[in-house]
Amino acid sequence: MTNKNFKPVRKAVFPVAGLGTRFLPATKEMPKEMLPINDRPLIQHVVEEAKAAGIEEFIFVTGRHKNMLEEHFDFQPELEQTLEARGKYDMIEKVRASELPAGKLFCTRQPKPLGLGHAVWCAAKLIGDEPFAIILPDDLVNHEEGCLTQMINTYNEHGGNLVAVKDVPRDQTSKYGILDIEDDKDGVVSIKGLVEKPDPADAPSTLSIIGRYILQPEIFTHLAAFEKGAGNEIQLTDAMAKLLGKQPFHGLRFEGDHFDCGSRLGFIAANLAYSLKDPEIGADVKTLMDSYK
Ligand code: UTP
């Protein structure tokens, strides 16, 4: 049953100020979030997911060398004129689909990459006093119904805070934020603890958070303490842990294939999966893959 009293999720934060060191030297000048998965950059995949979920305001937390990310969503008159002169109408449609309407894209700066928690804090003024989504462009979920749409549907039932979760192999818990859970019903778990990157022996479960969050604005009070955590970075997970017990906090076992595109292997896996389902080149990609067997 939907509780109409929950404030709607209208805004999404896209933290894109990281250094992308795992992709060096490719990311020396080029933002990691501009690396393409099939025919569009990572950032466009997640902006499209947010649009489909009904998000109205798109907030980029950018840093040095990241201007290309905002430019990508701009109107490009010369390009469209050239494509029109050449009769490439299908390409014009593709280019237009990458634009964001006037007054919907907001940017704030994170001067130094001090961690994901700090990046989110940089968006505090643009969020104000309402629940909001955070989407990490590194994490793609391939499913007809986008991951954020699934989450907003669940949020409309439960309110509070919600993260997207999936099981990881136990020997890999030290790479992820791991949950300590109570109830586990119909794909929704209620969370009683959060540990950032625990050793496999200490991990309270194997359920990890991926880069989709719906959080209440009280998170900013905790982020403003600027406490450093794992990796000497200001971690979002540490601030979220402080909301536990004070506000409802759930995890959604989302549907779809998840790709960690922040790692080179996950990036290649996503490129294969997304190009295989591309109507133009999918069959040829399959033939190509078979030829490597
Ligand atoms: P990651 O830790 O995966 O990105 O952060 P990174 O630090 O850029 O990559 P590596 O580990 O060096 O290869 C996930 C997301 O959070 C953003 C990143 O841009 C990425 O989209 N981020 C991270 C920030 O905006 N600021 C930060 O201080 C850290």
Side-chain angles (χ1 to χ4, degrees), residues 11-37 40-50 58-70 72-73 105-127 132-141 147-148 163-164 166 168 172 174-178 196-197 208-213 215 219-220 223-240 258-270:
K11 301 181 181 181
V13 176
F14 301 83
V16 291
L19 296 178
T21 56
R22 283 170 289 172
F23 281 91
L24 284 170
T27 47
K28 218 172 132 192
E29 277 295 316
M30 162 86 100
K32 171 174 73 172
E33 301 80 7
M34 283 302 293
L35 296 175
I37 300 294
R40 61 203 67 190
L42 277 166
I43 187 72
Q44 189 178 334
H45 281 280
V46 291
V47 164
E48 284 173 2
E49 180 183 325
F58 302 79
I59 300 167
F60 288 4
V61 182
T62 70
R64 295 174 69 223
H65 305 299
K66 298 280 185 166
N67 295 345
M68 203 188 285
L69 286 159
E70 332 170 12
H72 181 75
F73 293 94
L105 175 60
F106 302 84
C107 292
T108 179
R109 300 283 282 202
Q110 185 191 28
K112 290 182 193 168
L114 298 178
L116 179 59
H118 184 260
V120 172
W121 175 83
C122 291
K125 282 275 181 285
L126 293 170
I127 295 294
F132 65 103
I134 304 168
I135 306 191
L136 304 191
D138 281 10
D139 284 302
L140 291 192
V141 177
C147 186
L148 191 62
V163 289
K166 75 166 199 179
V168 297
Q172 290 183 25
S174 59
K175 291 192 201 161
Y176 302 97
I178 296 290
E196 185 63 31
K197 302 185 170 81
S208 89
I209 299 174
I210 71 145
R212 300 285 182 283
Y213 313 76
L215 297 176
I219 192 77
F220 292 117
L223 289 172
F226 302 129
E227 277 170 31
K228 289 191 173 166
N232 209 27
E233 292 190 352
I234 299 166
Q235 297 284 357
L236 180 60
T237 322
D238 294 340
M240 290 193 306
H258 166 241
F259 298 93
D260 173 10
C261 301
S263 79
R264 284 167 55 200
L265 191 61
F267 179 80
I268 289 169

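In each ligand, atom 1 is the first atom listed, and ligand 1 is the first ligand listed.
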Measuring from atom [atom1] of [X] to atom [atom2] of [Y], what distance do you get when rounded to the nearest 0.5 angstrom?
| X | Y | atom1 | atom2 | value |
| --- | --- | --- | --- | --- |
| I135 | E49 | CD1 | CD | 5.0 Å |
| L236 | H118 | CG | NE2 | 13.0 Å |
| C122 | L114 | SG | CG | 8.0 Å |
| Q110 | K112 | CD | NZ | 11.0 Å |
| C261 | R22 | SG | CZ | 10.5 Å |

Looking only at heavy atoms, what is the nearest atom pair of V168 and I178, with distance?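 The pair with the smallest heavy-atom distance is CG2-CD1, 4.2 Å.
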
Heavy-atom closest pair, residues L148 and A133: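 So the minimum-distance heavy-atom pair works out to CD1-CB, 3.9 Å.
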
Between F73 and F60, does the ring centre distance come in under 6.0 Å?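 They qualify: ring centres under 6.0 Å apart.
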
Closest by any non-hydrogen atom to atom 5 (O) of ligand 1: pick that one out of L116, I43, D138.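 Answer by nearest heavy atom: D138.
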
Whether [X] side chain and [Y] backbone form a donor-acceptor pair below 3.5 Å:
| X | Y | result |
| --- | --- | --- |
| H45 | I37 | yes |
| S208 | Y176 | no |
| K66 | A17 | no |

Go through ligand 1 atom by atom and flag the ones less than 4.0 Å from a non-hydrogen atom of [X].
| X | answer |
| --- | --- |
| P137 | 21 (O) |
| E33 | 18 (C), 19 (O), 20 (C), 21 (O) |
| A119 | 24 (C), 25 (O), 26 (N) |
| L114 | 28 (O) |
| P113 | 28 (O) |

Measure the distances from the heavy atoms of H118 to every atom of ligand 1 and state whether one is below 4.0 angstrom.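 Distance cut 4.0 Å: H118 fails for ligand 1.
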
For G262, state whether at least one heavy atom is located under 4.0 Å from any atom of ligand 1.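 So G262 does not count as touching ligand 1.
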
Looking at [atom], what's its closest protein heavy atom, distance included?
| atom | result |
| --- | --- |
| atom 28 (O) of ligand 1 | G115 N, 2.7 Å |
| atom 12 (O) of ligand 1 | T21 OG1, 2.5 Å |
| atom 8 (O) of ligand 1 | G20 N, 2.8 Å |
| atom 4 (O) of ligand 1 | K32 NZ, 3.0 Å |
| atom 2 (O) of ligand 1 | R22 NH2, 4.4 Å |
| atom 23 (C) of ligand 1 | G18 CA, 4.0 Å |
| atom 21 (O) of ligand 1 | P15 O, 2.8 Å |
| atom 7 (O) of ligand 1 | L19 N, 4.1 Å |

Proximity to ligand 1 by part of A17, non-hydrogen separation under 4.0 Å: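 Within the 4.0 Å criterion, A17 contacts ligand 1 through backbone and side-chain atoms alike.
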
Side chain, backbone, both or neither: the part of Q110 lying under 4.0 Å from ligand 1 by heavy atom: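 For Q110, the contact with ligand 1 is made by the side chain alone.
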
If we only count heavy atoms from C-beta on, is the F132 to V120 side-chain gap below 4.5 Å?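 Yes; the side chains approach each other to less than 4.5 Å.
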
Using distance alone, decide if ligand 1 has a nitrogen or oxygen within less than 3.5 Å of any nitrogen or oxygen in L136.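 N/O-N/O distance under 3.5 Å: no.
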
